[in-house]
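Report on one structure; see the data block that follows.
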Amino acid sequence: MSYEEIILDHWRRPRNKGRLPHPDAAAVEANPLCGDVVRIELGIKDQTIQDIRFEGEGCAISLASASLLTELVQGKPVLEAARVADEELLSALGGVVRTRLTCALLPLRALRKALASGSSET
Amino acid sequence: MDEHVRDGFPILQRTVHGKPLVYLDSAATSMKPTAVIEAEARFYRESYANVRRGVYELAAEATDCYEGARTAVASLIGARPEEIVFTRGTTEALNLAAWALGETRVGPGDEILVTEMEHHANLLPWQETARRRGARLCPVAVTPAGELDRDDLRRKLSPQTKVMTLVHVSNVLGTVNPVPEIAAEAHQVGAIVVADAAQSVPHMPVDVRELGADLVAFSGHKMLGPTGIGVLWGQRELLLQLPPFVVGGEMVREVWLDRATWDDPPARFEGGTPPIAQAVGLGAAVDYMQAIGMEEVRRHGQELTALALDGLLSRPYVTVHGPRDPAARGALVSFSLAGIHPHDVATLLDQEGIAIRGGHHCAQPLHRKLGISASCRVSFHVYNTIDEVGLFLEALDIVWKALG
Ligand SMILES: Cc1ncc(COP(=O)(O)O)c(C=O)c1O
């Protein structure tokens, strides 16, 4: 009885956790149902995600997903990052039970929101 | 509890993720015994028609079944049948109460007392009534021990208090509120007292006259009955003064193009075709529980709650919310695991076939007060066993090992 190793790993040792001093784009997404909150901050240069940080509070699945997502899109062109599909993140997490999809996808919603806000600024 | 009781609940034979189902979420909704499932099916097969309007034999039979359910519910709570209003559930019953009392009893500058431990179903309707009528909503505090702060209540009761509404048994803390004492204090200032009995009527003997509230709401689906049926009990004299919430067919005497006169309660509050088969199913659920005896239902619930409480309190990684004394509780325990989100606990237990609740249980203000965003909850009914409590506690240790 446990989660996939990859979820436990990212939950216990989150990557890219924290804040950027001068983010080019940022967004917060929350799920008031369970209190999960994720903030994504981006440093964008030449239409590419140079830096990414997340901060969050919530369940293991949402936090592990946020951590893994930062690795998934770091260094990617903005346009490519904006096209990361739900299924891609879910399979990178090793699969997520259907009752917890909202938790797993919360960080991706935050990323898309941040990218959308960033592109309107530039 | 007779060990064969469990066998009467067909769904409990199934497995989840390949494991026997251990269902510990009866506070959300209870499972149904064959007696209830069959009563509803039999009604559809043998006696079904619309109620109160047909002059043919079948319609009379259906009406007898529907009214028979009303009589059964009345006898369960020490009421008269004409004081039982069928609704869709607790939520609709409380909306009816809040709307009708708002229309007749609450005006600008008046006050409505609620508590910090209310389910959203007994908070939002009063927020709306207060807003609509220009009244103030005053929340009575909950103590750190998870009880109502009686001093705070006394400070807030005043001649401006037109309604005092409170939960009988909290669906999060499990606390059994002393409704008779509180109702007596509220009546002294002339307030109408409303009790949300969604977690008490299904689990313990409740006599509405002893309870002392003027209006009492509960749901069929939490007491082994069907969904879509619930009850608002009201003092006859009060019900007679209240206007209907839903208007249309079956609740009127005379109708002109520009006006109508209302029927007497309870029909006045049951506009439209009611959930007839669901009422019949609820009647069967009441018969079923009365055959066991509400004292025995309560004793069994307390036994399992005491075991769960003991087990949870003895685990250093667990924080229990609400009273420590099982006698001061309904058949449920909410708790948190240090540093672990309730959804993770619930998901991992689910892998073992153990269904518990993780979330805010429709009580966000209470969780805010407890300083947490969500909690875990186990709750019981007649079909749960001592073994299941043991399985749950063992599995919780494994969750803690995996995530702690
Ligand atoms: C204390 C309390 N009040 C009200 C409700 C709402 O009941 P229903 O959803 O059946 O209307 C519930 C059930 O969730 C409850 O536990």
Side-chain angles (χ1 to χ4, degrees), chain A residues 1-15 17-18 28-40 54-70 86 89-110, chain B residues 16-20 22 25 28 119-120 124 172 321 334 336-377 391-404:
Chain A
M1 182 198 340
S2 192
Y3 283 136
E4 296 293 330
E5 204 45 54
I6 183 132
I7 292 181
L8 289 178
D9 180 45
H10 276 269
W11 180 55
R12 293 222 166 89
R13 296 185 299 110
R15 330 289 203 266
K17 189 162 189 233
V28 178
E29 276 287 332
N31 179 1
L33 266 178
C34 52
D36 287 353
V37 187
V38 172
R39 178 186 175 85
I40 299 262
F54 87 94
E55 245 185 10
E57 235 179 85
C59 62
I61 292 185
S62 69
L63 296 177
S65 168
S67 165
L68 187 121
L69 180 65
T70 62
D86 293 0
L89 179 60
L90 294 175
S91 69
L93 284 165
V96 172
V97 288
R98 61 184 171 146
T99 49
R100 303 293 299 284
L101 293 179
T102 338
C103 311
L105 295 173
L106 188 70
L108 191 52
R109 275 173 36 210
Chain B
V16 169
H17 301 306
K19 310 274 168 60
V22 176
D25 196 18
H119 187 282
H120 297 164
L124 274 57
V172 177
H321 308 298
S334 295
S336 301
L337 265 58
I340 301 181
H341 194 281
H343 279 180
D344 293 322
V345 179
T347 295
L348 293 193
L349 289 177
D350 181 52
Q351 293 177 0
E352 298 300 300
I354 302 173
I356 75 156
R357 190 61 172 255
H360 55 55
H361 323 301
C362 299
Q364 286 185 20
L366 178 59
H367 278 83
R368 218 166 277 135
K369 172 95 179 193
L370 296 171
I372 52 181
S373 63
S375 60
C376 307
R377 180 183 72 193
L391 281 173
F392 153 69
L393 290 167
E394 281 168 29
L396 201 62
D397 287 334
I398 304 178
V399 171
W400 177 246
K401 269 203 207 99
L403 298 183

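So that the names make sense, note that chain A is the first sequence line, chain B the second, and so on, each numbered from 1. All values reported here derive from a predicted model rather than from experimental measurement.
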What about B:His321 and B:His367, are their ring centers closer than 6.0 Å?
-> no
Below 4.5 Å, heavy atoms only, C-beta onward: do B:Asp350 and B:His17 meet side chain to side chain?
-> yes
Give, as side chain, backbone, both or neither, the part of A:Leu8 having an atom under 4.5 angstrom from any heavy atom of chain B.
-> side chain
Between atom CZ of A:Phe54 and atom NZ of A:Lys17, what is the distance when rounded to the nearest 0.5 Å?
-> 5.5 Å
Interface moiety of B:Ala346 toward chain A, non-hydrogen atoms closer than 4.5 Å | neither
Contact leader toward chain A among B:Gln351, B:Lys401, B:His343, where contacts are heavy-atom pairs under 4.5 Å = B:His343
Determine whether A:Cys59 and A:Asp36 make a side-chain contact, defined as any pair of heavy atoms from C-beta on separated by less than 4.5 Å.
-> yes
Does the side chain of A:Arg15 come within less than 4.5 Å of A:Asp9's, by heavy atoms?
-> yes
Among A:Gly35, A:Cys103, A:Gly58, residue most engaged with chain B (heavy-atom pairs, under 4.5 Å) | A:Gly58
Sort B:Leu403 into side chain, backbone, both or neither according to what part of it lies under 4.5 angstrom from a heavy atom of chain A.
-> both
